[in-house]
Amino acid sequence: MPLSAAVISGVQKLVLYETRARYFLVGSNHAQTKHRVLKIDRTEPKDLAIIDDKHVYNQQEVRELLGRLDLGNRTKMGQKGSSGLSRAVSAYGIVGFVRFLEGYYLVLITKRRKMADIGGHSIYKIEDTNMIYIPNDSVRVTHPDEARYVRIFQNVDLSSNFYFSYSYDLSHSLQYNLTLLHSPCDPGTVEEVHTRSSRQQDSFDIFEDEGLPTQVFHGLQSEPYAKYVWNGKLLERVKDTVHPDWLMYIIHGFCGQSKLLIYGRPVHVTLIARRSSKFAGTRFLKRGANCEGDVANEVETEQIIHDASVMSFTAGSYSSYVQVRGSVPLYWSQDISTMMPKPPIRLDQADPYAHVAALHFDQMLQRFGSPIIILNLVKKREKRKHEKILSEELFPAVINLNQFLPPEHCIDYIAWDMARYTKSKLYNVLDRLSMIAENVVKRTGFFINRSDFFCHTLRPDERWGDLGGSLTSSGRVQTGVLRTNCVDCLDRTNTAQFMVGKCALAYQLYALGMIDKPKLQFDTDCVRLFEELYEDHGDTLSLQYGGSQLVHRVKTYRKIAPWTQHSKDIMQTLSRYYSNAFSDADRQDAINLFLQVYQPSESKPHLWELPTDFYLHQRNSMALTHDRRRYTHHGRCVLTLPCEENMKKVGVRRVNRYDESIDTYTEFFKPYELTSFDDTFCIAMTNSARELMPKTVGVDPSPFTVRKPEETGKSAVIGAKSSKEETVVQRKTAASAPPPPSEEQISSSSEDDSEDDRDDDGSVSQRSTPVKLLTESGESVRTQEVWDGKPDMQTGPWERSLAFVLFFTSPSYLSLSSVPVSCFTTDSIYEVSSPQVDRDNREVFEGHVLTGLGQVRSLCREDILMYREYIKNRYM
C-alpha cells in the first residue's frame, strides 16, 4: 500500500494585478516554481464572475503572460508611460468574498506571523488584512448604507487570534489527522493530479529512463470540520469553481507553543483552541443553546506534546489530549437591559424531553465517542436562586437522555460547587480538581502514535493499567471527552481545564519516556510553562467572549496570588462590565455579519434595525419543520475517525515521493532561501531553560524539580515587603488541608476511589528523573551479561546495538590489520585502516548506549558545570 502524506497548498504567495476590466490574482507556492492564475471580472456591478485558469505555469510562463496582459491593456500601442497592468497588493491567502448592498469585496491576508510548528507543518496567525472592492468605478452602483455595513464587517478584527495553515487541517484534531495518514485509500478514488505537460516539468525522476520503479505516495486533503471554520460562508460562493489550493480555511481561538528542554532534549508543548462558529457571539447576548444543539462559547482545546528532535509525522512521537467547554445546553438567557452586574437567569422555553440537549450531545458523541463526561461547576447553594436554576434543569435532562442510551455510552455527570469550596479555608480546590482530573483521564485516555510503550516496560506504574481509551496497532486513541462548564465558561472553567490538562500532560510525558511516573508537581519548570500557556489561552478566550481577561487565575485558587492581584481583578471586573454594557451589541452585529448569519438585502430591514438576533440563530422559528425527530431516538455514538463515511470527504492525489505538494522537508527548511538561524521560529519561542530555569550554578537543571518562586528565572513579584513568608504558610496550609466530602453525582468516575492516587502525591520524588542511575562503580539493578562472541540477532534492538559496538571495538577485532597495499597511511577506496579507539572514547560511547537503555552514570561535578556552561552560553 502506498504511503500517505498531507497535501501542501500550492498557493502561498499571491500578487493582485489590476486592469480596468479585470483583476488577475497570481498565486504561487513558497518556492515560486508553480503558479496559478485567477481572473476576476470587474465589469459586473453586483455579481461575482471568476475564471480559474486550470493551467499550472512556471516562472517564465507567468512572466510572459503578465507581459502580454500589460501590452494588451495599454491605451495606445507602444506607449510606455501608462502601464495597462498595475500591481495592486501582495498577500498570503484569501479570506473570502463578501457582498453587502453593492458589489463584491475581496478580503486578502497581507501580513502573517508564525505561531507554532507541528511535524514540520507551520501554523500562522493573521496580522493584517486588506479589503478590496472588485467592480470598477464606471459600473459601481452606490448605496447610502454600504459604508456602514463595511464598518460593521471590519469590527471583526481579523488580526486578533485568527489562524491558518497551508498543510495542516486546524479544524480537526491531531488524532484525526494522523489516523487519516494510516488509513487505506480506495484505489478507485485516487486522482491523477498532473496533466501530461505538467508531469514532464514537475515530476521529473532520475530513474525514469532506467525503467526502475518510482515510489508513489497518496497526497491526502481532508474536508474541514465546518463547525470550527470561520470563513466557510465567505468561500462558499467560489468553492465549487476554483482549484482547492485557492481555498484556505481559518479558525478563531488561540494557538501557543513553548519548548520544554529536558537535559537538552526539546519537547514542544502546543495548545490549540478552536472556537465554534455556530451560535457564536458575546457574553450576555449568547447564552445556552439554539434549536440545532449548538451552544454559546463552545471551544475545543487540544494540547499536543511531541519530541521535537524528530520532525516527521511517520517517524516522530506525537501525543494529544482534547477537552471541550461550552454553555449549559438549555434554552436560557439573561436580560441586560436592567444594567445589573449579574442579570437574572431566565429559562426562555420549556423543553421537557431535553430535545436541545439531545442534539448537542449527539454532536459530541459523533465527534468524540463515549464516554461524554460533564463537569458542572455552577453554584448549588445560594440565598437567591441564580446559577442553581441551570443545575436543576441540566441534571434531569441528563437523567432523561441516559434512559435511551446503552449503558456503555451513558453520559456521566459531575456536579461540584467550585465557588463555594474556594471561599472555604479548610479545603484545597486544586486537590479536589486533581482527583476529578485523574479519574477523567483514566476514562477517556489520550492519543499517542506509538505502540511501543517502553516507558511502562522499563518503569512500570500501576496507573498505566487503568488507563482508558482504545488501543490500536499504531498506538493509543482517545475515546470520549470531558465537557466543562460554569455560567460564563471563563474563570472557573479555565482552571478546571488546566488541572485536567496537567494530569493528561503527565501521562503524555510518561508515554513518551520523559518521566518515570505519570505525576507532575506544582512549582516545577514544566508545570509553570504549562500554566503560562493556559493563562494566555484563558485570557484570549475571555477577551473574545467576555470583553476582559481572566479575573480568577490558577494562583488565585492556589491562594498564593500576590496582594496586587486583587486590584487587577477589580479592574478586569470593571472592564468586563463596561464591555458587556456598551460594546457587546456592536461586536455581536459584526460577528453575525462576518459569519453571514445575516445577509443584507434591499427587501429586508437593516441589521441595526433588528430588535434582536434571536430569529437569525433559531431557524425553526422562521419555518415549520417537516421532519420531526422522535424524542426517544438519541445517542448515535460514532467516533469521528477516518471511517468509510469520512473517507468519502477526503481528496486523494497520486504523486511522486519527491513532489513539491507533499515535500514537508523542503516546505519547512526552505533550502532555496538564505535564512539566519537566530531568526528561526524555534529559537524565538518560549524556552523553559531560558525563561524559567535558575541562573545560578549548582542548581538541578531538571524541569521536573520543585523550585521556590524566587529561584526561577522569571521571578514572581510576590509583594513589596514580607509576603514571601505568608506565601510559604499558605502553601503549607493548602498542602495539609483535608480532602473535601464527596459530591452527589451520577458518574462512578467522580467517586472518591482515587485516595490511593492522592496518597501517591506525597511519595513522588521531588525530581521525576527520566532515567535510572548507576553507581560510581558501574553497578545497576539490571545485571549485564558478559559478551564474548558475535552479536546475537535474536536479542532486542538495544542489546543488539550494544553487542555490535562491543564487537567492533573489542581488542580481538582491533588486532586484525589489513595487509598494506600502498605507502600512504590515510584511508582510500582500496584500503581502510583499522579504527583506533582509546579507552576514554569507548567509555563515552558505551555511556550513550546505556542511556538509551534507561541507565546512566551519576553526574560528576565536572559534568554539571559543563552542562551549566552550555546552557549559560546557549540560552542566557
Ionic contact status for K39 with D41, cut-off 4.0 Å:
no

Sorted by chain and number, sequence neighbours left out, salt bridge (Lys or Arg N to Asp or Glu O under 4.0 Å) with R237 holds for D47

Taken to the nearest 0.5 Å, the spacing of L541 CG from T301 OG1 works out to 6.0 Å

Any donor-acceptor N or O pair under 3.5 Å, side chains S222, D169:
yes

Could you check whether any side-chain N or O of S277 sits under 3.5 Å from a backbone N or O of V229, counting only pairs where one atom can act as donor and the other as acceptor?
yes

With side chains defined as the heavy atoms from C-beta onward, is the minimum distance between V139 and R42 less than 4.5 Å?
no

For N297, does its backbone N or O pair with a side-chain atom of R325 as donor and acceptor, under 3.5 Å?
no

Could you walk me through whether K286 and D613 satisfy the salt bridge (Lys or Arg N to Asp or Glu O under 4.0 Å) test, starting with their C-alpha distance in whole Å, then the side-chain angles of each, then the deciding distance to 0.1 Å, before giving a yes or no?
CA-CA 10 Å; K286 283 293 164 285; D613 64 348; 2.9 Å; yes

Is a side-chain donor-acceptor pair under 3.5 Å present for E667 with S167?
no

Restricting to pairs with a member in residues 291-306, which pass salt bridge (Lys or Arg N to Asp or Glu O under 4.0 Å), not counting sequence neighbours?
K227-E298, R274-E300, R274-E302, E292-R619, E300-R367

Going by heavy atoms in the side chains, are V299 and F254 under 4.5 Å from each other?
no

Using only atom types and a distance under 3.5 Å, with no angle test, would you say the side chain of Q544 pairs donor to acceptor with the backbone of G253?
yes

Side-chain donor-acceptor pair present, S160, D157, cut-off under 3.5 Å:
no

